[in-house]
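Throughout, a chain's letter reflects where its sequence line sits, starting with A, and its residues are numbered from 1. This is a predicted model, so every value here is computed, not measured.
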Amino acid sequence: MADYNFQEIEKKWQSTWEKSGIFKAKVDYSKPKFYSLDMFPYPSGAGLHVGHPLGYIASDIITRYKRLHGFNVLHPMGYDSFGLPAEQYAIQTGQHPAITTEENIKRYTEQLKNIGFAFDWNKEIRTSDASYYKWTQWIFMQLFDSYYDKTADKAKSIDSLMKLFESEGNSKLDAVCDEETPEFTAPEWNDFTQKRKQEILLQYRLTFLAETTVNWCSALGTVLSNDEVKDGFSERGGHPVERKKMMQWSMRITAYAERLLQGLDTVEWTEPIKEMQRNWIGKSIGAEMVFQIKDHQKSIKVFTTRIDTIYGVTYLALAPEHELVDELITEEKRTEAEAYIEVAKNRSDRDRMSDVKTISGTFTGSYAINPFNREEIPVWIADYVLIGYGTGAVMAVPAHDERDYNFANHFGLEVRQVIEGSMENGSFPGKGGVITNSGFISGLEMKDAIQEAIDFLEKEKIGNGKVQYRMRDAIFTRQRYWGEPLPVYFKDSLPHLIDQKDLPLVLPDVNKYLPTEDGEPPLARAKDWNYKTSDGEYPLEKSTMPGWAGSSWYFFRFMDPDNPERFVDPEKAKYWGAVDLYIGGAEHATGHLLYSRFWTKFLYDIEAVAIEEPFQKMINQGMIQGRSNMVYRIKGTNAFVSQGLKDQYDTSEMHVDVNIVHNDQLNLDKFKEWRPDLGNAEFILEDGKYICGAEVEKMSKSKYNVVNPDDIIERYGADTLRLYEMFLGPLEQFKPWNTNGIDGVFKFLKKLWRLYHTQEGEFSVSDNPASQEELKALHKTIKKTQEDMENYSFNTSVSSFMICVNDLSGLKCNKREILEPLAILVSPYAPHIAEELWSLLGNKDSVVTASFPVFDAQYLIENFHEYPVSINGKMRAKLSLPLSLSKEEIEKSALKDTVVQKWLEGKTPKKIIVVPGKIVNIVL
RNA sequence: GCCGGGAUGGUGGAAUAGGUAGACACGCAAGACUUAAAAUCUUGUGGCCUCACGGCCGUGCGGGUUCGAUUCCCGCUCCUGGUACCA
C-alpha cells in the first residue's frame with residue numbers, strides 16, 4: 001500500500017470493530033463508568049445530512065478519549081421512531097408507517113456506520129418497537145397509580161391514598177389535585193359508590209383525564225402542542241388551528257414544578273438553557289385574595305405578586321372566559337359586554353399576539369369591594385387577562401404596572417400612586433421604594449409591606465401567600481395513529497388500566513390512517529379495539545401518546561435494552577447512573593429536557609431508579625446551516641454571468657446545486673448536465689472561471705444546499721469528515737457548512753500517513769531514541785489534547801495535531817517512540833487511520849484499548865524566557881533571560897542591557913513594573 | 001419589550017485570572033519538481049507609506065480605568081437564539 005488509501009482502511013476497520021464487538025458495554029465494577037449519550041434522531045425520509053453527525057462526532061471523540069483513560073463507556077444509539085412525518089406519508093400512500101420507518105432507520109444506520117462511530121449497536125432501541133413501548137405504557141400505568149403528596153414532597157401510590165381516605169377522609173391531606181375536588185370525611189368516602197370513588201381518585205392521579213382547551217387542527221385531525229402552532233397555523237402543513245375544549249389525558253408535571261426548579265442547581269448545563277427552563281416553570285411568589293362583589297353572593301379571587309400596592313387598586317379585570325363574567329354583567333351593560341366577549345373569544349392567538357398595542361375591554365357594570373379600605377372598585381373585562389394563568393382575574397394598579405396604566409389611561413380610570421417617588425418617563429416607579437397613601441402599610445418598604453398585607457389577609461381569612469407557577473400540566477394524548485396506544489379501557493365511562501400482564505398493548509392495524517368521519521382518532525378504525533375482562537368487553541382508549549413519551553425515559557432503556565421483565569434492571573441502572581455527558585441541540589430546552597427530568601423524578605419517587613436528574617452534564621451543539629450557491633442568469637437568455645460581473649447585466653438569481661460547485665467555482669460541464677434545459681447554457685467568465693454567489697440558509701432540499709456525508713466520505717474519507725466537522729469552529733456555535741477548508745484537513749491526514757512511511761510508500765519506523773525536539777513536539781500535543789478535551793475545544797485540538805505533524809515532518813522524525821503515542825492521540829478524532837498505523841506498528845490489540853500517553857512536562861521546560869521590555873507602555877525590546885530569576889534580578893538584568901541603556905539615555909526610571917515570566921515595563 | 005449569545009484579515013477561526021493580536025487552515029501570489037497537469041515541497045500574505053531600513057493605523061462604534069485593553073467598566077449600533085400581554 002503506497003499511499004493513504006482511506007477507502008480500504010476505513011472499510012477494513014469498521015468491519016473489524018463490528019466483528020470483534022469491541023464497543024459492547026458491560027457492567028464492570030473494576031472500572032469507572034462513563035455514560036455518553038446523544039439525543040437520538042427521528043429517522044426522517046431525507047436521510048442524514050452533514051449537520052446531524054456534528055454532535056455525534058464530538059461525543060464519539062470524548063468516549064474514545066475516556067476509553068483510553070480506562071473508563072468503562074456506554075455509548076449507544078437508537079431511534080425516536082414514532083412521529084408525524086411517517087404518518088403523513090402513510091396517509092398519502094397507504095403504506096404502513098412501520099415500513100417507511102424501517103427503511104429510514106436502515107438508511108440512517110448505514111450512514112452512521114460509515115462514519116466509524118464507536119456505538120454499541122447491540123443496544124440499539126426504537127421507540128416504536130412493541131418491546132420498547134411496552135415499558136412506556138408501563139410507566140404511564142405507574143403514573144396513573146400514583147398521586148403527589150405535598151407533605152412528603154413525593155409521589156405515592158393510589159392504594160395508600162385510598163387507605164387514607166378510608167381512615168380519615170381528605171380534609172387533612174395536602175396533595176396535588178384538581179381545583180374542584182370536594183372535601184369529604186372517612187364515613188362519607190366509605191359511603192360513596194365505586195364510580196364516585198373512581199371519579200375522585202382521578203382528580204389525584206398523576207396522569208388523569210380532564211377537559212382542557214386545546215389547539216385543534218381539523219385538517220390534521222389532531223391536537224397540537226403550543227410548540228407545534230405558529231401564529232394560529234400548524235407548523236407542519238400550515239393548516240388553521242382553533243381552540244377547542246376536549247377530554248384529554250394530562251400529566252401533572254406541575255406537581256414537580258418546585259423540584260424541577262431546584263434540580264437545575266445540581267446539573268452542569270449551560271446557564272442559558274437553565275434560564276429557559278426557569279422561565280418556562282415561571283415561579284412567582286405572591287398572594288391570592290378574594291374581593292367581595294357589591295350586592296352579590298359571589299366573590300372574585302385574584303393572584304398578585306404586588307399585594308403591597310393593594311391601596312392603589314382602582315379596578316379589577318377579568319378574562320373574557322372567566323366563569324363569573326356572565327353573572328356580573330348588569331342589564332344595561334349586557335348588549336355591549338356580550339358583544340365584546342364574543343369578539344375577544346373569537347380572536348385567534350395570532351391576532352392577540354401580533355396586536356399587543358390595541359387596548360380593549362368593557363365594563364361589567366358591577367363593583368367589587370377592596371377589603372383593605374372598603375372602597376368600591378369597578379369590575380372590567382379585558383382580554384389582556386389570560387384565563388389560563390393564576391385565577392383569570394387581576395387587581396389592577398395603574399400607577400405601578402404598565403399594562404394596567406395603559407388600560408386605565410385608555411378608559412379614563414383612576415391612577416393612584418402608592419409608592420413614593422416622582423413620575424419619570426410617563427410612569428411611576430414600579431419596584432422598590434416606600435409605600436405611601438396606603439393605610440396601615442404606609443411608610444413600609446416593599447418587602448415588609450407585602451408581609452404585613454399577607455398577615456392581614458390570613459387574619460381576615462380572605463386570602464393567603466401563594467406561589468404560582470406559569471407551567472401548565474402537560475397534555476398527553478394525540479389523535480394520531482403512529483404513537484403508543486394508552487393501556488386504558490373505559491367502563492361506566494371511567495378509565496381503567498388494563499392488566500399489566502397484557503402489556504404491551506400493541507398498535508392495531510387500520511385500513512386508513514386518517515381520523516374517522518365523525519372526528520374520532522384513527523384507532524377507532526381498528527377492528528375489535530376492545531379489552532376483554534372477566535366481566536365483559538370494554539372499549540379501549542383511541543388516542544395515542546405524544547411524541548415525547550418514548551423519548552422521556554430512553555436513556556434508562558439503553559442500559560438494559562433487551563430485558564423482558566423490567567424497564568431496566570435495578571443493578572444495571574445503579575451502575576450506569578446518570579448520563580455523564582449529553583449532547584444535543586438547545587431547541588429541546590423546554591420540551592424533551594423538561595419531560596425527561598419529570599419522569600426521572602417520578603421514577604425516583606417510586607424507587608424504580610436511583611437518580612433524580614437524568615443528564616448530569618450537557619453540551620448543546622450549534623446547528624450547521626446550509627451554504628447555498630447562486631448563479632446569475634441574464635434575463636430572457638440562457639447565458640450565465642460570473643458573480644463579479646453580474647452588475648453589468650440585468651440578471652436573475654438562481655440556486656445551483658452546491659455539489660457541482662467547488663470553492664465557489666462552478667463546474668461548467670456538470671452544470672450543463674444538471675438539468676436538461678441547461679444543456680446549451682453559455683457563460684460569461686471572469687479570469688476563465690465561473691464564480692458563484694453564496695448565501696447562508698437553513699439546509700433544505702429546495703435550496704439545493706443539502707450536503708450528504710456519504711459524498712464527503714467517498715471523496716475524502718470518514719476521518720477527514722470527522723476532523724473537518726470539528727475544525728469548522730467551536731461546537732456550540734451556529735455555522736454554515738462549507739467545504740472550502742476541507743482540503744487542509746485531508747492534507748493533514750496524508751502528511752500523518754507519510755510520517756510512518758518512506759517516500760516510496762514503504763512502512764518504515766525506526767527504534768532509535770527520539771531527540772529532545774521530537775519529544776517536545778509530542779508532549780506539547782499531549783498537553784494540548786488533554787486540555788482541549790476538558791474544555792470541549794475540539795477545533796483547536798485539530799490545529800495542534802497539524803502543528804505537531806508539521807514539526808515532525810520538518811524534523812524528518814520516524815521514531816517509534818514518537819509515532820506510537822501520536823497514533824493514540826489522534827485516534828479519537830481519526831480512528832480508522834490511527835487503527836491502521838497502530839497495527840502497522842506491530843500492535844496486536846486495537847488502539848481503542850491502548851492507554852493515553854503520559855504527559856511529561858520536562859520536555860517542555862525552556863531555560864530562557866523572552867521578556868518584552870516596554871518603555872512608557874511602548875514595546876521596545878525582547879530580552880532573553882533565565883527563567884529562574886527573581887523579580888529584582890529581572891529588573892536589574894533588564895536595566896543593565898545595552899539596548900535598554902541606549903533608550904534610557906542616562907535617565908533614571910520613575911517606576912519599573914516586572915511581571916515574572918511575562919513582561920518588564922519601564923516608566924520614565 | 002424582556003432574557004441569553006455574539007461582532008477579530010479576502011474566508012473559517014486562534015489568543016481573555018489584561019502582557020509581542022491574527023495560531024492553525026482555506027484562498028491568493030511567487031518559486032521548485034514535471035513535456036504538461038495533478039499531487040508534493042519552499043517562500044510570502046491585516047491595511048497604508050517606504051526600493052529598503054523602518055514607520056503609522058488596526059479586534060463593530062464612542063468614552064473610561066491602566067505603564068499596557070480583543071480581554072475589565074459605562075453608553076450605543078448591528079447580527080443572532082429564546083420568549084411573548086404571567087398580574
Inset, instruction - Could you give me the CA-CA distance, side-chain angles and deciding distance for A:His400 and A:Val418, then say whether side chain to side chain contact (heavy atoms under 4.5 Å, CB included) is met? - result: CA-CA 8 Å; A:His400 305 290; A:Val418 289; 3.7 Å; yes

Inset, instruction - Would you mind calling B:rG9 syn or anti? Take O4'-C1'-N9-C4 for purines or O4'-C1'-N1-C2 for pyrimidines, and syn is within 90° of 0. - result: syn

Legend entry - Given B:rU40, B:rC85, B:rA25, the nucleotide with the shortest approach to the side chain of A:Lys750: B:rU40

Report each atom pair, protein N/O against N/O of nucleotides 5-15 of chain B, whose distance is under 3.5 angstrom.
from, atom 1, to, atom 2, distance (Å)
B:rG12, O2', A:Leu728, O, 2.9
B:rG13, OP1, A:Gln733, NE2, 2.7
B:rA14, OP1, A:Asn795, ND2, 3.0

Inset, instruction - Provide, to the nearest angstrom, the distance between the CG atom belonging to A:Asp3 and the C1' atom belonging to B:rU40. - result: 11 Å

Inset, instruction - Would you classify A:Arg278 as touching base, sugar-phosphate or nothing, given that sugar-phosphate means primed atoms plus P, OP1 and OP2, and contacts are heavy atoms under 4.0 Å? - result: nothing

Legend entry - Which residue lies more 5' along RNA chain B, comparing A:Met276 with A:Gly390 via nearest heavy atoms: A:Met276

Legend entry - B:rG54 and B:rG81, which share atom name P, separated by this distance in whole Å: 48 Å

Inset, instruction - Using whole Å, report how far CE of A:Met471 lies from P of B:rU83. - result: 16 Å

Inset, instruction - Classify the nucleic acid contact of A:Asp404 as base, sugar-phosphate or nothing, counting any heavy atom under 4.0 Å across all strands shown. - result: nothing

Inset, instruction - Establish, from distance only, whether the side-chain atoms of A:Ser284 and A:Tyr389 form a donor-acceptor pair under 3.5 Å. - result: yes

Legend entry - C1'-based separation of B:rG46 from B:rG13 [nearest Å]: 15 Å

Legend entry - Nearest-angstrom distance from the residue atom NZ of A:Lys274 to C1' of B:rC3: 16 Å

Legend entry - With A:Lys751 via salt bridge (Lys or Arg N to Asp or Glu O under 4.0 Å) - residues at least two apart: none

Inset, instruction - Report yes if at least one side-chain N or O of A:Asn620 is closer than 4.0 Å to OP1 or OP2 of B:rG81; otherwise report no. - result: no

Legend entry - Pairing nucleotide - B:rA39, Watson-Crick or G-U, each distance under 3.5 Å: none

Legend entry - Cationic N near anionic O, under 4.0 Å, A:Arg278 to A:Glu271: yes

Legend entry - A:Tyr716/A:Tyr724 aromatic ring centres below 6.0 Å: no

Legend entry - Pairwise C1' distance, B:rA21 and B:rG31 [rounded to whole Å]: 30 Å

Legend entry - A:Gly744 vs A:Glu275, nearer the 5' end of RNA chain B by closest nucleotide: A:Glu275

Legend entry - B:rA37 versus B:rA52 - spacing of their P atoms, nearest Å: 31 Å

Legend entry - B:rG60 to B:rG9 separation - C1' atoms, rounded to the nearest Å: 15 Å

Legend entry - Base paired to B:rU34 (Watson-Crick or G-U; both N/O distances under 3.5 angstrom): none

Inset, instruction - Report the distance from atom CD of A:Gln621 to atom P of B:rG81, rounded to the nearest whole Å. - result: 16 Å

Legend entry - Whole-Å gap separating C1' (B:rA25) and CZ (A:Phe801): 15 Å

Inset, instruction - Start with the C-alpha distance between A:Thr254 and A:Tyr469, add both sets of side-chain angles, then the distance that settles side-chain hydrogen bond (donor to acceptor under 3.5 Å, both in side chains), and finish with yes or no. - result: CA-CA 8 Å; A:Thr254 49; A:Tyr469 297 93; over 6 Å; no

Legend entry - Base-pairing assignment for B:rU77 (Watson-Crick or G-U wobble, both under 3.5 Å): B:rA7

Legend entry - Distance test, side-chain N/O of A:Ser284 to OP1/OP2 of B:rA87, below 4.0 Å: yes

Inset, instruction - Could you please name the partner base of B:rG46, counting Watson-Crick and G-U wobble pairs only when both distances are under 3.5 Å? - result: B:rC57

Legend entry - B:rC2 and B:rC73, which share atom name C1', separated by this distance in whole Å: 24 Å

Legend entry - Pairing partner of B:rA69 (Watson-Crick or G-U wobble, both distances under 3.5 Å): none

Legend entry - Nearest-Å distance for atom pair CG/C1', residues A:Leu755 and B:rU40: 15 Å

Inset, instruction - Could you let me know what B:rC24 is paired to, Watson-Crick or G-U wobble, both distances under 3.5 Å, or none if it's on its own? - result: B:rG12

Legend entry - Ion pair A:Glu787/A:Lys784, N-O distance below 4.0 Å: no

Inset, instruction - Round to a whole Å and report the spacing from CD of A:Glu732 to C1' of B:rG82. - result: 17 Å

Inset, instruction - In whole angstrom, give me the gap between the C1' atoms of B:rC78 and B:rU8. - result: 16 Å

Legend entry - 4.5 Å side-chain heavy-atom contact, A:Leu316 and A:Val394: no

Inset, instruction - Using a strict 4.0 Å threshold on nitrogen-to-oxygen distance, state whether A:Arg306 and A:Asp404 make a salt bridge. - result: no

Legend entry - A:Tyr384 side-chain N/O to B:rA87 phosphate OP1/OP2 under 4.0 Å: no

Inset, instruction - Both distances under 3.5 Å, Watson-Crick or G-U wobble: report the partner of B:rG1, or none. - result: B:rU83

Inset, instruction - Could you tell me the separation between the NE2 atom of A:His757 and the C1' atom of B:rU40, rounded to a whole number of Å? - result: 17 Å

Legend entry - Span that lies between the P atom of B:rG27 and that of B:rC67, in whole angstrom: 46 Å

Legend entry - A:Lys747 side-chain proximity, nearest of B:rA87, B:rC26, B:rA84: B:rC26

Please tabulate, one pair per line, all N/O donor-acceptor pairs under 3.5 Å involving side-chain atoms of residues 798-805 of chain A, not counting sequence neighbours.
from, atom 1, to, atom 2, distance (Å)
A:Ser800, OG, A:Ser797, O, 2.8

